[in-house]
Amino acid sequence: MFKLDAVLKNETGLHARPASMFTKEASKYEADVKVIKEGKEYNAKSIMGILSMGAMKGDVITIVADGKNEKEAVEALKKLVDDNFGE
Amino acid sequence: MKGIGASPGIAIGRVLIKNEQKVEIVKKAIDNPQDEIKKLTEAREIAKQQVKKLHQLALKNMGEEEANIFEAHMMIIDDPEFFSQVEDKVSSDNVNVDWALKQVSDFFIDMFANMDNEYMRERAADIKDITGRIMKILLGIEITDFTNLEEEVIIVARDLTPSDTASMDKNKVIGFVTEIGGRTSHSAIMARTLEIPAVVGLDGILSQVKNGDSIVFDGDKGEVHVNPSQDIVDEAKATKEEYDKFQKMLRELVGKPSVSKDGVRVELAGNIGTPNDLEGVIRNDAEGIGLYRTEFLYMDREKLPTEDEQFEAYKAVLEGLNGKPVVIRTLDIGGDKKLSYMEMPEEMNPFLGYRAIRLCLDKVGIFKTQLRALFRASVHGNLRIMFPMISSIEELRKAKAIVEEVKDELRKEGIKYSDSVQIGMMIEIPATAILSDMFAKEVDFFSIGTNDLIQYTTAVDRMNQKISHLYNQFHPALLRLIKMTIENGHKEGIWVGMCGEVAGDPKLIPILLGFGLDEFSMSPISILKARHIIKNISKEEMKEHAQKVVMLPTAEDVKKYIDENIK
C-alpha cells in the first residue's frame, strides 16, 4: 500500500472536469485506488464517488493505492492535483 | 388549450405519445444472484451502444457542447462504484436486480439533487436519465425511439430528456408539446436550438390525446388544438405557409449587408451573456456583438472569477467573432443582481443604489482584474469596452484613469495588448443623456441602454408589477433623450449604438434609423428580422417621421402614429 496527501488548490475543487480527469487517470491502474477525505473513503475510479465527495479548494485529501503499480498510481494522481488539473 | 410558447412556428400533424409506461418495480426474492448480475451487465452493454449512437447523433445535430452530456452518461454506465453497490445489494439481500438498481439510483439522485451547487444538481438529471434507460432495458420496456420515424409526428410527452431531444430527427419530428417545463427548461432551449416549434408546461395534455390524433399548435402563442375543426386547420395552414415563407426570406438575408433603401448602412449586432451564445450570433449573421454582459461570469459560483478565467472567456468571444467588433460591458452587478459570495447590504432602492460602475470604483481590485483580463484578450480580436451606469463626468474620468493604470502595468510586465481598444459608456441615466454633448468629448462611443433609461426617466421601478403599465418604450420623453444623445454623439464624431430592448423592437427600428442610430444590438434571434425592416425603409423618410413623433404628447399617440404612418 502506498499513500500521499494532497491539497486541492484549483478553483473548482473536485467538480466537473477535474473529477472526470481524476477518475480517468485512476482507472488506468490495476491497483485499488481510494481517496480519503475527513475519514471517509471514496472509490477513485468512480466518477459518482469522486463527485459525491464534494471536495473543494483548500480541502486535504489522501490518495491511497493498493496493488500493482500502486506507487505510480498515487504519484500520478497527486501530480494531477498539484498541477491544478491543468487549469 | 394554452401552454407556454417555447419555440416559434406552427405545427400541424399527428400525435406520437412518448412511451410513459409506468415502470412497476416490486421487490422479489431471487434464487440465483449471479443470473441477476449477468442481466445487469448485459443491460449496461446495450445501454452503452444506445448512448454511443446518441452521442454521434448529438454531435451531428447539435454540436460538441450538447454532445458532452452523453460522455457523462458513458462514464456513469462505466462507474464501478455505482454498479458494485447494485451488485452487492443483489447478492447480500437476494433481491431482483431492478429493485437493487432503483434503491441505489434513488440514493444517488437524492444526494446530487440536494447539493447546493448547480452543476451537481444537473448531474441528478443525468443519473435519472441513464438509470431509467438501463431499467427499461432490464424490464424489456420498449424505449420510444425517435431516430427511425417513418412519418412526420408531433411528440406529446410529460417531459423530454436530453436523450430524447438528441435523438430527434428534425425532418420527422415537426413539433412537440410537454406537460411540464417553462421557457428556459431543457426541452424549451433544445426546441429553439433545433428550430422545432414547441409548447411546454401544458398540464393535462396527455390525458386529452392518443396516438394518431391530429393536433395543431402555435409555438409562439402556446395555443394547442386537439382534433381541430377544418376551419382551424385551414387557418393554421395559411399562417404556417406565411410563417415559413417569411422565415425562408429571412434566411436569404444571411450574408447581405444591413442597408436601407436609400443606401444608409447600419450595424446589427447581438447581445450575449456567455460564450455559449456565440453560436446564435453567428447563425443569425450578426455584424458584431453590441453587448456582452460579463456578470454571468461572476454569478452562480462560490468566489470571484480569476483574471485567467475571465481572459479565457473574453478571448473565446473575440476569436469567435473573427475580427468583427465586440462591445464588452464591465461588471454590472448590484441592484437586482447579487453575488452570493460578496456581502452586499440590503438597500431601500437597489436600482438607485450601490451597483455597476459605482461598485467597481469602490472595489477597485475587482475592476482592475477585469480590465487586465480584457486588455490581455484584446490582441485576439476587435475589442470595445464600455462602462455601465455612469452618472457623472467624474465617474467616467475615474474609470478611464484606472484603464490607463492597468495599461501601464501590463506594459511594464511586458504583456501585449491592442492599442485600438475603443472606450465607451452606456447612456442609461437621464443625467448622461442630458450631458451627452460633454460626455461625447471623452469617449469613443455611446451605447444607449433603454431598459434602465426608461426606468430612470419615468421613475418606474421595472420590477414593480403594480406600476408596470407605466413602463413604456413609446414614452415621448425617452424618444427625445435618445434623439438628443445620438445628435450630440454625432456632433463630436463618435458613433452611437443601442443595446436595450428597444433596439430590436420592430415598431421602433424605423424611428431609430430616422434619428441616425449607427448600431442596433439585440437578441441574436431578432437580427434578420431587423435587417428585413431596414432594407425596406429609407432613412430620409424615417427622419421626417422621427421629427414628428418627438413632438407628440403621449406614448399612445406615438404608437398610433407609427402604426398608421409606417408601413
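The figures that follow rest on heavy atoms only: side chains count, while hydrogens, waters and symmetry mates do not. In the text below, chain A, chain B and the rest are named by the order of the sequence lines, each starting its count at 1.
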Practice problem: Can you establish whether the number of heavy atoms outside B/Lys128 located under 6.0 Å from its atom NZ is more than 12? | Solution: no

Quiz item: If you draw a 6.0 Å radius around CD in B/Glu319, do more than 12 non-hydrogen atoms from other residues or ligands fall strictly inside?
Solution: yes

Practice problem: Sequence neighbours left out, what passes side chain to side chain contact (heavy atoms under 4.5 Å, CB included) with A/Lys71? Give chain and number order. | Solution: A/Phe2, A/Glu75

Practice problem: Could you list which of residues 73-86 of chain B have a heavy atom closer than 4.5 Å to any heavy atom of chain A, in residue-number order? | Solution: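 Result: B/Met75, B/Ile76, B/Asp79, B/Pro80, B/Glu81, B/Phe82.
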
Quiz item: For A/Glu38, does the CD atom sit with more than 12 other heavy atoms under 6.0 Å from it, leaving out its own atoms?
Solution: no

Self-check item: Engaged part of A/Thr23 at the chain B interface, taking heavy atoms whose separation is under 4.5 Å
Solution: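 Contact with chain B involves the side chain of A/Thr23 alone.
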
Quiz item: If you count the non-hydrogen atoms of other residues, nucleotides and ligands that lie under 6.0 Å from NZ in B/Lys102, is the total more than 12?
Solution: no

Quiz item: So with a 6.0 Å cut-off around CD of B/Glu42, is the heavy-atom count from everything else above 12?
Solution: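 More than 12 heavy atoms, drawn from other residues, nucleotides or ligands, come within 6.0 Å of this atom.
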
